Amino acid sequence: MTNPSTPPLSGAPLLEVQGLGIRFGGLHAVRDVTAQLQPGRITAIIGPNGAGKSTFFNLISGFYKPTSGRIIFRGEDITPLRTHLVVGRGIARTFQTTTIYQELSVLDNAMIGHRVRTRAGLLDALLRTGRERHDESESRAGAMRALERVGLAGQAALPAGALNQEGKKRVGIAMALASDPHLLLLDEPAAGMNPEETENLMGLIRQLVSGGLSIALVEHKMNLVMGLADDILVLHHGQKIAQGTPAQITRDPAVVEAYLGSHAHGGQMGQEQEQGGQPGTVQDAGVDHA
Amino acid sequence: MLEVRDLSVKYGNFTALHSINLTVQPGEIVVLLGANGAGKSTLFRTLSGLQRPSGGAATWQGTPLTGGKPEFNVSHGVSQCPEGRLLFPELSVEKNLRLGAYVHRRDAAGNERELEKVYELFPAMVDKRHAPAGSLSGGQQQMVAIGRALMARPSLLLLDEPSLGLAPLVVEQVLAAAQQINAQGVSVLLAEQNAYAALSIAHRGYVLESGQVTLQGTAQELMNDDRVRSAYLGV
Amino acid sequence: MTTVLQQLFNALALGGVYALVALGLTLVYGVMKIPNFAHGGLYMLGAYLSYAGISSLGLGYVPALLLSAVVVALLAALMERVIFFPLRNAPHVQPMIAALGVLFFLEAGVQLIWGADFKQVAEPIPGILNIGGVTITWQRLIVLVASVVAMLGLNFFLRRTLTGATIEAMAQNREGARLVGINTGRVGMLTFAISGALAAIGASLIAPIVSVTPAMGEIMNLKVFAIIILGGMGSIPGAIVGAFLLAFAEVFGGYINLDFAEVIGFAVLVVVLAIRPQGLFRRAA
Amino acid sequence: MMGARGKSTAAWLWIPAFLLAAAVPFLHPSGFTMELLINVMIWSIVTYGLNVLLGYTGQLPLAHAGFFGIGAYTVGILTLKHGWSFWAAWPLAVVLCALGGLLLGLVAFRTKGDAFSIFTLGVGVIIQQVINKWDALTGGNDGLNGIAPPAGLDTFAHGLGLKLNGGFYLLALLALALTVLVAARARHSVFGRSLLAIRGGEDLARSAGIDVFGHKLRAMMLSTAIAGFAGGLYAVYVGFLGSAVTGPVTTFTTLLYLLVGGVGTLLGPLLGTALMYGLTQLLKDLQDYQYIVFGPLLVLLVMFMPQGLVGLWEKVRARRRPVSAPSAAEVSHD
Amino acid sequence: DKVVNIGFSGPLSGGAAAYGKDTLSGLQMAVDTLNKSGGIKVGNDKVTFKVVSLDDRYLPNETATNVKRLTGQDIQFIFVPHAGGIQAVQPLAIRDPEFLLVAYSSEPKILAANNPLTFMLPPRYDNYAQPFVATEMKTFGKKLALVGTSSAYGKQWADLIESEWKKQGGTVGRDNAVDYNTTVDFSAAVTKALSEKPDVLFIGGPSQPTALVIKAAREQGFKGGFIVMDQAKFEQMETVIPKNYLDGSVGVLPTRDFPGTQSFVVQYQRAYKKIPTSEAGLNYMGMNVLAKAMELAGTTSDPRKVRAQLDAAAKALPQSKTVYKVFGVTPQATWTPSS
Ligand SMILES: Nc1ncnc2c1ncn2[C@@H]1O[C@H](COP(=O)(O)OP(=O)(O)OP(=O)(O)O)[C@@H](O)[C@H]1O
Ligand SMILES: Nc1ncnc2c1ncn2[C@@H]1O[C@H](COP(=O)(O)OP(=O)(O)OP(=O)(O)O)[C@@H](O)[C@H]1O
Ligand SMILES: CC(C)C[C@H](N)C(=O)O
Ligand SMILES: [Mg+2]
Ligand SMILES: [Mg+2]
């Protein structure tokens with residue numbers, strides 16, 4: 001069940017959040033979450049609808065500013081950084097609903113993702129400086145690398161809007177990959193995919209991780225989560241209620257009650273009802289790596 | 001009965017549906033399987049009147065649905081939970097739901113009852129009733145979209161991937177609800193990536209590939225079909 | 001002291017004028033998000049129709065006002081059908097430019113029919129109210145009251161009635177609105193008709209205070225757009241507060257230098273938006 | 001790839017086009033024709049400036065005439081009252097406008113969408129009013145009269161056997177060529193691609209790692225600088241400056257040119273200005289019916305040519321030549 | 001037969017359209033009557049006229065474009081009815097191709113430019129200041145407040161009255177100029193001016209808004225007098241507000257007593273269904289003088305020669321066409337009608 005290539009749990013965490021929280025008006029969408037993400041691993045974040053998963057990603061990627069807590073990435077406090085700087089530090093993300101530039105070409109989409117690695121500005125553009133020319137070819141190359149990683153190199157010239165749903169998802173991932181991230185955040189990457197496509201996606205994710213990338217993903221498809229994740233973080237009402245390996249999580253009664261229901265073992269919907277794990281408390285079931 | 005005969009739909013010069021034929025009998029749950037881009041949503045949009053067909057016909061209880069007037073279709077009992085949800089983001093959840101009952105606007109008491117039922121189905125919505133729909137999480141918005149479709153008290157319910165983005169527990173509840181609504185005599189046409197779950201509540205099903213019906217049969221037949229098993233059940 | 005009081009009344013009356021015109025605009029711009037620069041044209045036309053009703057048809061003031069409201073409402077509905085409905089999916093600049101085209105057309109058309117000369121509409125209730133040295137004309141009082149009534153009515157209409165909700169629903173998601181059974185074509189026209197009627201009623205009430213000229217709508221346009229943004233798009237109380245704020249800024253800002261009175265309105269706008277980019281009455285999203 | 005090819009063929013067409021255009025004054029057209037052409041060139045430069053923000057970045061600024069005015073008045077005041085040479089005042093005007101754009105952007109980009117537009121409209125009105133009221137500096141309502149033609153332009157023109165008008169024509173043409181070059185480079189570059197990303201969706205651009213605010217600011221500066229560039233030229237050409245030309249009416253007129261030509265395209269600003277400027281001049285003969293015709297014409301243009309002239313042209317071309325790019329149909333089932 | 005085109009660039013749409021149309025109407029009527037009576041004789045040619053009018057929306061820059069367009073069509077006589085436009089195109093008049101600029105504006109600066117091809121129609125307004133101020137100060141008192149229009153022209157008027165008022169020993173409050181074309185409600189400006197308790201108000205812009213200023217002042221209890229700038233016409237203001245509101249005002253009065261006035265008024269009213277103002281009257285006369293000068297100069301294409309005959313033409317103008325009494329055209333640029 002655990003990814004065979006899982007590196008040992010030693011060493012500094014890739015990402016660490018401490019007491020992270022945000023409120024929208026009266027609503028505490030994320031509340032006092034403390035957790036760590038280890039490098040080279042796949043961390044899944046699960047939880048009921050409205051648990052705060054997307055918001056959690058929005059906080060990490062600098063999209064929202066937390067009302068409390070800190071975010072430490074590779075030893076640096078990135079809490080106050082603006083989004084593009086966060087991307088620059090190596091955190092890239094995709095959105096829950098596929099958002100890409102439909103009318104631009106697939107290649108352009110990826111090149112936009114690579115922007116953060118280039119420095120050519122307005123003056124470079126106007127004067128066609130050496131830096132401009134270098135950055136232009138560099139972004140083309142970087143974008144092509146990203147497209148190759150997601151298997152879209154052949155479609156580079158097509159308008160992104162012409163691709164099918166799965167293809168668009170891959171464009172979104174390529175855009176994120178083009179920024180050469182250390183950590184990739186995927187928000188419901190398999191939503192709207194059938195089992196076959198989901199399988200392809202899982203293959204892609206595994207391949208990316210074996211290339212040294214760390215991934216955090218939000219997903220409701222339990223077969224994907226259980227099949228991929230090295231580590232699972234469970235949010236409920238904005239709070240972390242458990243963290244652990246898939247095996248530990250499926251046995252956690254709180255998680256089962258709040259979220260998994262009959263899917264504790266990654267079973268397909270409607271398959272044989274399986275009883276979810278043994279009784280136990282959150283504390284002893286969810287192993288925190290803190 | 002829903003009768004779709006030789007229905008074709010074009011986007012520009014690209015044909016998304018090629019002479020589709022299918023039926024939904026009163027009281028049936030029929031599931032529509034198909035890969036991404038197969039044309040499921042196109043069919044749904046056509047049945048609800050958002051999209052005009054280029055050929056063929058579709059009728060519900062004898063009423064033609066292809067006039068390109070969704071307001072006509074919904075007032076004749078056909079209501080849809082659409083792909084992309086199409087909510088009113090700045091209106092409150094409750095206003096979204098109430099607008100779902102627009103065609104029954106003179107039956108205030110009936111609408112109150114229906115609203116209660118929706119809140120029962122999605123208790124998470126009670127807390128959110130005054131929040132703007134756009135501020136909800138993805139899954140919560142999906143609940144509103146389903147609830148809004150139910151508020152129209154349809155005789156034919158069109159559900160386009162209702163489980164999209166929903167937590168597993170809720171998916172179960174939604175499908176259970178579909179079954180329950182069906183038990184009260186409402187016909188349901190359902191598109192679902194989660195083929196296993198869908199087939200397990202459906203009576204019959206169709207497989208749509210590249211805009212054409214390539215396979216049809218009872219739920220059991222489809223579940224045992226090799227092609228279905230490999231492509232849609234992931235077995 | 002009386003001067004300050006007098007200016008207070010002046011500002012209130014002016015705010016009433018702005019508010020009346022701004023209300024119709026809030027509906028189409030604030031709610032439907034259509035930057036209808038033709039609104040000033042409808043306003044101007046409303047004034048002319050009242051003028052014509054009184055001077056050419058010999059109608060009384062109130063019948064002329066009602067006639068003007070009906071005609072302008074129909075025209076506005078027609079405009080929605082013919083121009084804005086087909087442009088519903090276009091980027092904002094397009095309906096905006098189209099609306100400018102309508103404004104040009106209305107202005108030139110009115111000038112062709114009634115000439116470029118300034119017209120005057122007599123006050124239905126002439127006379128002045130003098131309260132301790134502070135004077136206010138009856139007409140200004142009527143405008144003030146009418147603007148408040150119109151605001152309350154519109155607010156009630158949008159927030160509390162189903163038709164109001166359908167307008168908002170359509171503005172936010174046209175396909176979604178159709179799916180629940182709303183006849184969006186009719187609602188769009190209805191919205192414009194209401195907005196047009198508000199413009200015409202406002203204009204007819206204001207006409208006796210100002211000169212009626214073909215260009216009167218142009219002058220009003222920029223101000224009411226500023227007001228709506230100032231108050232926060234889509235907020236009806238915001239539009240009212242924006243209107244009075246602008247009026248107060250113009251009247252009392254005039255104490256710094258009357259020459260800059262008009263700029264002061266925009267200066268307030270710029271300052272407010274710099275501090276609260278979402279306008280006064282809109283919560284941050 | 002396609003885009004690159006299209007770009008380079010188009011680039012090759014610009015050069016002979018400009019060379020041909022340079023020959024026009026030597027055919028000694030009527031004074032009014034020259035007047036028309038020079039005005040079209042000056043106004044299309046302004047339109048190019050607007051295009052950088054609206055077309056590339058997706059932000060609709062409505063203070064443009066204000067910056068046009070700042071550029072014009074800078075040149076006017078410096079040459080008229082302080083004896084500067086036009087050749088020194090002009091670049092300074094451009095720099096001033098860029099700085100003005102920076103200041104405006106710092107505040108205005110806190111707002112988004114329509115609020116941004118109205119905010120800048122407010123700033124535009126304020127700029128106009130300040131120009132109008134600051135009598136001591138700008139001559140207020142009287143305006144500035146008697147701004148001299150650039151030093152040497154007359155001699156230059158005569159040397160070529162042309163009148164002063166011919167000199168202005170060539171100067172405007174050069175300025176236009178430079179503007180087109182700048183517009184092209186600003187668009188087809190790493191920077192320009194980032195602007196397109198912002199236009200396509202700010203949130204997406206932000207999370208793709210683009211410094212949205214920074215890029216918008218720079219686009220604003222470029223845009224206002226171009227407006228000022230045109231303004232400086234206008235000042236010496238017309239020789240008279242009044243505050244009215246720096247107001248919203250001018251901004252909306254330019255917006256109209258852009259819309260008719262084709263937002264976001266390279267040829268659009270020139271094409272749109274030429275057509276609409278010519279058309280308004282033509283319509284003047286209709287006297288009282290001028291706006292009766294112009295108004296509905298605007299409406300029709302917007303409704304039936306939503307992509308502008310350039311878009312129309314591309315549509316026609318696409319219809320005549322079967323598209324080589326695979327359509328959605330061909331790629332959706334792979 | 002020859003048709004000579006007469007150019008015109010003025011506001012025909014927008015806020016100042018009424019003003020522009022009035023000026024154009026006088027010019028047009030002159031041309032119509034000249035043509036109806038068979039035109040004029042220049043040399044051996046019978047010459048008739050045609051007005052080529054272009055709209056400039058009161059924008060000086062537009063005037064410049066229009067004038068270039070008109071000269072591009074070989075037109076050598078151009079009427080411009082607003083100070084801004086006139087000043088913008090004055091330098092063009094003496095550039096190749098030259099044209100005679102017929103300026104309808106009483107702005108003295110137009111004369112100060114010493115342009116040899118300008119022909120200014122109205123009397124320069126600075127002649128009015130002394131008598132206006134003397135009358136009002138004597139009747140009402142020594143304190144003046146200013147609520148003029150904030151156009152260039154209006155402001156210069158205000159400056160003039162202000163200095164004259166001070167010269168005659170009065171006191172002047174703050175300048176409260178507002179833009180008469182864009183102000184929605186004048187009450188605030190009036191309140192502010194009245195707060196200084198003035199005896200006399202200087203006001204004026206286009207007639208109708210000016211009437212509204214008077215109305216606001218009277219409604220707020222102002223009992224003093226008004227000095228009305230020459231742009232506002234009493235005969236028009238009377239149609240807007242009660243006549244007694246105007247009691248105690250000085251301004252440029254309609255002329256009724258010259259030989260040609262009666263027939264002009266009658267003719268004008270038949271053609272345009274309204275009372276003519278000096279806008280129409282002076283342009284009417286201006287065109288007639290111009291036509292006469294062409295006859296005298298024996299040319300329709302040399303503006304300088306025609307310009308040289310203006311004085312003689314003014315003096316030779318038949319009584320029937322004299323709406324205003326004219327003494328002659330000074331070599332400087334203007335003529336000197338009496339008012
Ligand atoms: N911008 C916002 N304003 C107000 N409330 C918000 C906002 N964004 C999210 N919320 C609220 O915060 C909570 C968490 O939302 P979030 O989108 O993070 O949920 P989620 O875990 O991603 O759910 P899902 O699985 O359905 O996508 C929800 O209750 C939502 O309504
Ligand atoms: N508005 C449109 N214009 C052009 N082509 C379209 C449009 N909408 C859909 N299509 C195309 O029609 C085909 C069918 O699309 P449809 O959305 O109906 O598929 P679907 O079966 O619902 O797929 P999914 O599982 O992704 O929802 C696809 O190839 C799609 O690209
Ligand atoms: C009243 C006129 C003689 C002057 C005119 N208003 C102008 O602007 O010059
Ligand atoms: Mg989410
Ligand atoms: Mg679909």
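Here the structure is a predicted model, which means the values were calculated and not measured. By convention in this document, chain letters (A, B, ...) are assigned in the order of the sequence lines, proteins followed by strands, and residues within each chain are numbered from 1.
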Most contacts with chain D, counted as non-hydrogen pairs under 4.5 angstrom, among E:Ala88, E:Pro97, E:Ala113, E:Gly72: E:Ala88
Below 3.5 Å only, please: all the donor-acceptor pairs between chain D and chain E, one per line.
residue: D:Glu35; atom: OE1; partner: E:Lys68; partner atom: NZ; Å: 3.3
residue: D:Asn141; atom: ND2; partner: E:Ser150; partner atom: O; Å: 2.8
residue: D:Asp142; atom: OD2; partner: E:Lys109; partner atom: NZ; Å: 2.5
residue: D:Asp142; atom: OD2; partner: E:Gln156; partner atom: NE2; Å: 3.1
residue: D:Asn145; atom: ND2; partner: E:Gln87; partner atom: O; Å: 2.3
residue: D:Tyr234; atom: OH; partner: E:Asn61; partner atom: ND2; Å: 2.8
residue: D:Phe240; atom: O; partner: E:Asn61; partner atom: ND2; Å: 3.4
residue: D:Gln281; atom: O; partner: E:Arg69; partner atom: NH1; Å: 2.4
residue: D:Gln281; atom: O; partner: E:Arg69; partner atom: NH2; Å: 3.1
residue: D:Gln281; atom: OE1; partner: E:Arg69; partner atom: NH1; Å: 3.1
residue: D:Lys284; atom: NZ; partner: E:Asp55; partner atom: O; Å: 3.3
residue: D:Lys284; atom: NZ; partner: E:Glu62; partner atom: OE1; Å: 2.9
residue: D:Lys284; atom: NZ; partner: E:Asn66; partner atom: OD1; Å: 2.5
residue: D:Asp285; atom: OD1; partner: E:Arg69; partner atom: NH2; Å: 2.9
residue: D:Asp285; atom: OD2; partner: E:Arg69; partner atom: NH2; Å: 3.2
residue: D:Gln287; atom: OE1; partner: E:Ser53; partner atom: OG; Å: 2.8
residue: D:Gln287; atom: NE2; partner: E:Ser53; partner atom: O; Å: 2.6
residue: D:Gln287; atom: NE2; partner: E:Ser53; partner atom: OG; Å: 3.2
residue: D:Asp288; atom: OD1; partner: E:Lys21; partner atom: NZ; Å: 2.5
residue: D:Asp288; atom: OD2; partner: E:Lys21; partner atom: NZ; Å: 2.8
residue: D:Tyr291; atom: OH; partner: E:Arg57; partner atom: NE; Å: 3.4

Contacting moiety of E:Pro91, where chain D heavy atoms sit under 4.5 Å: side chain
Non-hydrogen atoms of E:Pro60 and D:Phe240 that approach each other most closely: CB-CE2, 3.0 Å
